Amino acid sequence: MLNTVDLFEDDRPAGSDGADQMGHLVTGELDLSHGVALYLEDITVSFDGFKALNNLSLAINAGELRCIIGPNGAGKTTMMDVITGKTRPDSGKAYFGQSIDLTRLSEPEIAHVGIGRKFQKPTIFEQHTVFENLELAMKTDKRVWKSLMAWLAGDERDRIAETLRMIRLDKEADRPAGLLSHGQKQWLEIGMLLMQEPKLLLLDEPVAGMTDDETMRTAELFVSLAGKHSLVVVEHDMAFVEKLGGLVTVLHEGSVLAEGDLATVQNDQRVIEVYLGR
Amino acid sequence: MRKPLTIRILSALDKKSWLALGIFLALALVVVPVLHLNFPEDSALHVSTYAITLIGKIMCYALVAVAMDLIWGYGGILSLGHGLFFALGGYAFGMYLMRQIGRDGSYGADLPDFMVFLDWKELPWFWVGSDSFGWVAFLVMAVPALVAFVFGYFAFRSRIKGVYFSIITQALTYAAMLLFFRNETGFGGNNGFTDFKRVLGYTITSSETRLVLFGLTAVMLAVTLVFSAWLVKSKFGRVLTAIRDAESRVMFIGYNPLWYKLTIWVISAVLCGIAGALYVPQVGIINPSEMSPGNSIEIAIWVAVGGRGTLIGPVIGAFVVNLAKSWFTVSFPEYWLFFLGLLFIVVTLMLPQGLVGLWKKLMAKKGAEAC
Amino acid sequence: MKKILIALLLSLGSLSALAALDPGRVRQLAAEDSSDKVAAIQQITENADPDAVRVLTAMSEDSLYLAGDKAVIITDDSAFDAATGEAIKMPANPESITVNNRIRGELASALAALKLFDADREVRLASAEELQSKVSAGMAPLLKKALDKESDAEIKALLKLAYAQANLGNADPVARLAAVKALAETSSPVIKSVLLPLTDKANEPDDKVRYEAIAAVKAIDGRLALAENVGQAFSGLSLGSILLLGALGLAITYGVMGIINMAHGELLMVGAYATYGMQTLFRAYFPDAIDWYLPAAIPVAFFAAALVGVIMERTVIRWLYGRTLETLLATWGLSLVLIQSARVLFGAQNVEVANPSWMSGGIEVLPNLILPWNRIIIVGFAIFVLLLVWLLMNKTRLGMFVRAVTQNRPMAGCVGVPTSRIDTMAFALGAGIAGLGGVALSQISNVGPDMGQGYIVDSFMVVVVGGVGQLAGAVWAALGLGIFSKLLEGWAGAVIAKISILVCIIIFIQKRPQGIFALKGRFVE
């Protein structure tokens with residue numbers, strides 16, 4: 001608990017008066033004026049008495065690349081569920097930028113304001129071709145009528161082609177996505193995320209099942225994305241985390257245990273205990 | 001950059017399919033009428049009234065099957081209550097047919113016979129305007145649409161899916177059946193509507209009226225197929241199949257599945273309503289048993305037999321199953337349920353893609369051997 | 001038989017009755033005018049001794065004749081003096097006495113009243129009970145006499161009621177008031193209808209009595225309504241038990257294993273036909289033990305349905321695990337095959353399954369509330385089956401294995417649980433429980449090929465409302481739906497009740513898509 005507060009003091013961006021001020025601003029365009037992309041405060045989620053998240057507080061700056069690690073059951077996935085609207089927190093605040101209250105929006109609305117999510121298990125549309133997967137993800141008006149009348153414009157095709165090259169699937173464009181290898185599926189999902197042009201990317205174990213080579217390329221891609229986008233990466237692969245650089249947050253039993261660069265965190269006595277002890 | 005809608009609709013089907021559709025319409029609109037009217041009954045080329053009624057009826061079923069396929073095959077939502085929408089369309093049009101009887105009923109009264117029997121003095125409010133073809137044609141589509149919208153909105157909003165949804169639709173049609181069985185509901189209770197005399201002033205049993213209804217059903221089936229082909233080829237169709245395969249992914253890339261499901265659900269219900277309206281004048285009766293859960297679940301087997309997720313599959317399935325049914329019920333009535341039951345089992349166990357899938361597999365094998 | 005009885009009474013009378021009746025009175029029984037006869041009957045009744053019984057019984061049996069100036073009783077070949085009971089010479093040409101319906105009614109009441117003085121307590125009790133519905137004002141003195149003599153508390157209470165009823169017609173308002181007050185304590189619809197006229201000014205001039213009567217009717221109404229509600233609640237409970245029996249099997253196959261079995265209703269049917277089969281067997285071979293066919297049917301139905309379940313699981317369902325919609329369609333196909341098989345084997349008509357004799361009748365809890373034995377037994381049976389399922393699922397190895405397989409199939413497999421055999425056994429268990437439900441259903445509803453179809457929607461509703469994976473959910477949902485629908489039925493009729501329940505369930509699912517006992521957490525989806 002003490003720890004959480006410490007972290008919070010450290011990380012609170014200058015000029016922010018905290019939650020009270022933000023509480024009045026509910027919706028609107030994404031406002032990154034104070035440099036904070038994602039702001040979680042005292043989030044608690046419990047399932048039948050079991051606290052998956054316990055007063056979790058976390059802030060991600062605009063353009064930051066943040067890694068989240070933690071043992072199984074630390075609450076990583078639940079945290080992502082809260083940010084993307086899949087799970088509603090029992091208490092606490094979740095803001096995107098200065099003004100968007102994530103706890104009040106539905107999943108599609110959250111996707112719409114600019115948060116993209118990659119699942120732990122690659123979820124793509126297996127019956128659709130690779131091209132169609134990207135087309136469906138592309139940032140556009142996603143209401144029913146527009147979809148009925150949609151017809152791909154030239155520049156939209158170009159964008160899809162560009163992404164296809166970036167994720168190295170241009171040769172597979174017309175194959176059903178279900179036929180891709182596991183690593184390729186991971187890449188496709190990342191590609192879909194990019195097509196959404198999100199401000200904040202949540203990536204749950206993005207390199208699981210990738211070869212070392214693929215993993216390194218993914219790391220390069222993420223590093224290149226940081227700055228323009230904010231990224232939150234949940235990962236177990238420490239080599240990958242090291243490659244990404246950036247701050248590392250350790251979750252344990254639903255709250256933040258430690259935070260700092262990888263070396264600091266790895267030498268933290270409590271972290272070692274959590275991972276090795278007991 | 002925006003292509004005109006006509007071109008998009010034309011591109012919904014390939015050349016072969018357009019040709020097949022043309023042949024089908026020519027058969028229904030020209031060949032059948034000519035054979036029916038111009039050859040005597042003992043001629044080998046004569047198409048009997050029985051055959052026309054049977055095929056007309058099955059085309060209505062095929063329409064329902066296509067509607068079912070849109071929601072099940074493409075949307076992944078198995079409805080066990082589509083018989084309700086079919087019956088609602090049928091009842092709506094049946095109201096008009098009852099009014100067309102006029103004073104030719106057995107009581108010779110202005111009111112339909114069953115109301116006289118119940119000693120009602122005037123039409124209930126929901127019968128107002130039922131003597132107008134235009135209003136009833138609107139009701140045929142509007143009533144199923146409204147029921148589907150209200151039910152679908154609440155069901156999809158609370159994310160009821162899979163088997164839960166199926167069972168609740170079954171309960172819905174079951175409840176509606178109980179409701180329509182009551183005399184007080186105002187739709188003729190047990191007996192429903194029957195003994196129709198005229199439609200738009202024409203005698204309903206005359207050859208010409210039959211042929212017109214038959215042709216109309218064929219045209220409606222063709223239009224539905226083209227419309228559905230366009231629908232499933234549009235981006236809407238791709239989103240729909242995406243929802244079927246990975247709903248949460250669809251949500252996280254910013255589509256709201258509620259409205260997509262609701263749209264296809266309502267479209268499907270309206271198509272069923274139209275099918276019901278075409279069915280009633282051809283078959284000459286509508287009663288609450290159309291809403292029995294068994295009927296609705298049978299629709300699913302037509303689609304499954306033909307092959308879901310294809311548009312021609314449901315049409316083939318509806319024809320195969322219903323032709324088999326009329327053959328069995330004449331020749332071996334006691335074996336029909338065995339056959340139908342085994343069909344359910346065999347198709348789900350061995351032919352998950354239906355006859356169309358089997359055909360594709362055989363073709364692929366042949367192709368592979370040829371190479 | 002009757003004649004012998006009369007003869008017996010007569011001999012008894014002639015032995016014991018020394019105080020003979022007034023011959024004039026007895027003669028009056030043969031008067032021309034009915035009213036005179038009635039007066040005579042009433043006066044003789046007031047005597048309340050065995051002689052009165054003897055004479056009036058004879059009159060009601062048409063054995064009373066007029067011979068000259070004397071009333072005589074003639075049985076087969078002997079004659080008696082009606083007034084004294086002494087044997088006399090057979091008169092030459094006895095004249096029969098006309099007994100019309102009015103007289104017959106009067107005689108019946110009088111004889112019933114006279115039984116109040118019988119030496120046997122049971123006879124007195126029966127008579128007091130019988131009198132409750134046919135008290136007339138003229139009986140008041142007689143009842144008073146009986147009341148004074150009576151020592152048994154139960155009979156005394158009944159007599160008090162009868163006396164009060166008789167006094168309602170008393171000319172004295174004070175007596176009427178006391179009578180109304182006494183009657184206000186009861187809870188029978190008959191007494192209510194007796195009191196009802198007194199609430200009208202036209203019949204009851206005295207204000208005090210009338211107000212008291214109004215209050216009394218109200219009090220009785222309240223108690224009647226209570227009885228009716230208890231009755232409704234009980235029939236709701238029994239409907240709930242039936243739903244529970246239908247749903248318990250599903251709670252295992254669907255709730256625990258996740259298999260949608262649309263042929264579940266047909267498994268109920270198999271159980272019901274197994275019961276029918278046992279009945280036929282017992283009728284043919286053990287007609288003396290026919291009442292035992294039902295207990296014998298319980299294991300037979302269980303194993304018959306379980307066997308069908310095993311066949312279903314082995315041939316169809318096992319290939320469809322994880323594909324619920326396909327399972328739904330395939331099992332629907334199975335249900336059609338089972339229905340048609342029943343038609344071929346037993347005919348399309350319903351077959352007759354009779355209740356064993358020990359199931360007929362009921363317990364009278366309140367004057368207007370009888371709980372039938374067959375319903376009570378079904379409630380008990382449901383509890384028995386519930387306990388059985390609970391024990392099997394929670395206290396046996398099979399139950400542990402089933403729970404293990406449903407929670408984590410690969411892991412269960414790894415630790416040596418024979419998963420596929422467990423699937424079969426668990427499904428067979430669910431089917432067998434459905435068969436037990438069929439035994440119960442055969443006792444209260446028609447047994448026919450289509451009987452299962454009516455329960456499938458209800459059963460699934462129970463599981464949907466109760467939530468998946470829970471026995472407790474199914475139990476509460478079944479009882480809740482049963483009681484709720486019975487109460488609604490009383491209020492709005494069966495069809496509307498059914499429809500509103502379905503609508504309520506649809507609305508309920510909006511709020512709690514996972515049922516009453518929802519599983520929460522990350523494993524839900």
Side-chain angles (χ1 to χ4, degrees), chain B residues 72 76-78 80 150-151 153-155 157-182 184-185 247-248 292-294 296-298 300-301 303-304 308 333-350 352, chain C residues 254 258-260 262-263 312 315-320 323-341 343-344 348 449-450 453-454 456-461 463-464 468 493-503 505-507 509-515 525:
Chain B
W72 185 29
I77 300 163
L78 176 58
L80 298 184
V150 172
F151 175 80
Y153 178 77
F154 287 109
R157 194 190 60 155
S158 43
R159 300 195 184 156
I160 298 174
K161 45 187 136 177
V163 178
Y164 266 60
F165 185 86
S166 308
I167 289 173
I168 291 180
T169 51
Q170 186 178 42
L172 180 75
T173 189
Y174 184 63
M177 178 179 75
L178 294 180
L179 188 68
F180 274 67
F181 265 129
R182 285 163 52 93
E184 297 79 22
T185 312
E247 179 162 352
S248 56
S292 74
S296 292
I297 209 167
E298 222 180 295
I301 203 63
V303 178
R308 64 195 137 104
E334 64 272 35
Y335 290 108
W336 164 242
L337 273 189
F338 282 130
F339 175 78
L340 185 65
L342 288 175
L343 198 62
F344 270 97
I345 298 164
V346 168
V347 167
T348 43
L349 282 183
M350 299 175 192
Chain C
Y254 176 56
I259 298 167
I260 289 286
M262 298 298 275
M312 280 167 61
T315 55
V316 177
I317 292 169
R318 83 164 17 199
W319 312 103
L320 296 169
R323 291 160 60 197
T324 43
L325 292 182
E326 276 86 349
T327 314
L328 187 157
L329 292 178
T331 50
W332 178 265
L334 284 170
S335 81
L336 296 182
V337 171
L338 286 172
I339 291 173
Q340 194 59 28
S341 308
R343 279 200 194 125
V344 170
D450 297 324
Q453 298 269 301
I456 189 72
V457 171
D458 286 340
S459 303
F460 269 113
M461 286 303 128
V463 182
V464 166
V468 173
V495 174
I496 294 288
K498 190 132 213 165
I499 292 167
S500 14
I501 295 247
L502 289 172
V503 171
I505 289 174
I506 290 172
I507 293 168
I509 301 265
Q510 301 288 310
K511 293 282 156 214
R512 308 273 319 236
Q514 310 294 333
E525 255 178 73

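Chain identifiers are assigned alphabetically (A, B, ...) following the order of the sequence lines, protein sequences preceding nucleic acid strands; residue numbering begins at 1 within each chain. None of the values given here were measured: they were computed from a predicted structure.
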Any side-chain heavy-atom pair from C:T315 and B:I345 closer than 4.5 angstrom?
no
Heavy-atom pair with the smallest gap, counting every atom of C:A330 and B:T348:
CB-OG1, 3.3 Å
Those residues that, when tested against B:E184, pass salt bridge (charged side-chain N to carboxylate O under 4.0 Å, His left out) (two or more places apart)
B:R182
For side-chain contact (heavy atoms from CB on, under 4.5 Å), just list the numbers for B:V347 and C:L329, CA-CA rounded to whole Å, side-chain angles, deciding distance to a tenth of an Å, and then say yes or no.
CA-CA 9 Å; B:V347 167; C:L329 292 178; over 6 Å; no
What distance do B:I167 atom CD1 and C:I260 atom CD1 have between them, rounded to the nearest 0.5 Å?
4.0 Å
For the interface with chain C, which of B:G162, B:A171, B:S166 has the highest count of heavy-atom pairs at distances below 4.5 Å?
B:A171
Here the gap from C:M262 atom CE to B:I297 atom CD1, rounded to the nearest 0.5 Å, amounts to 4.5 Å
side-chain contact (heavy atoms from CB on, under 4.5 Å) between C:L325 and B:V163, intermediate numbers included:
CA-CA 6 Å; C:L325 292 182; B:V163 178; 4.1 Å; yes
Heavy atoms only: give me the nearest B:F338-C:S341 pair and the separation to one decimal.
CE2-OG, 3.4 Å
Let me know if C:V503 has heavy atoms under 4.5 Å from chain B in its side chain, its backbone, both or neither.
neither
I'd like to know which of C:I501, C:T331, C:I496 tops the heavy-atom pair count under 4.5 Å against chain B.
C:I496
Given that the side chain runs from C-beta out, which part of B:L343 has a heavy atom under 4.5 Å from chain C: side chain, backbone, both or neither?
neither
Given the options B:A304, B:G294, B:P352, which has more heavy-atom pairs under 4.5 Å with chain C than any of the others?
B:G294
Engaged part of B:Q170 at the chain C interface, taking heavy atoms whose separation is under 4.5 Å
side chain
Contact class of C:L334 relative to chain B, heavy atoms under 4.5 angstrom
both
Per-residue contact mode, C:S335 against chain B (heavy atom under 4.5 angstrom):
neither
d(B:W336 CH2, C:L336 CG) to nearest 0.5 Å is 9.5 Å
Do C:Q453 and B:S292 come within less than 4.5 Å of each other through their side chains, counting heavy atoms only?
no
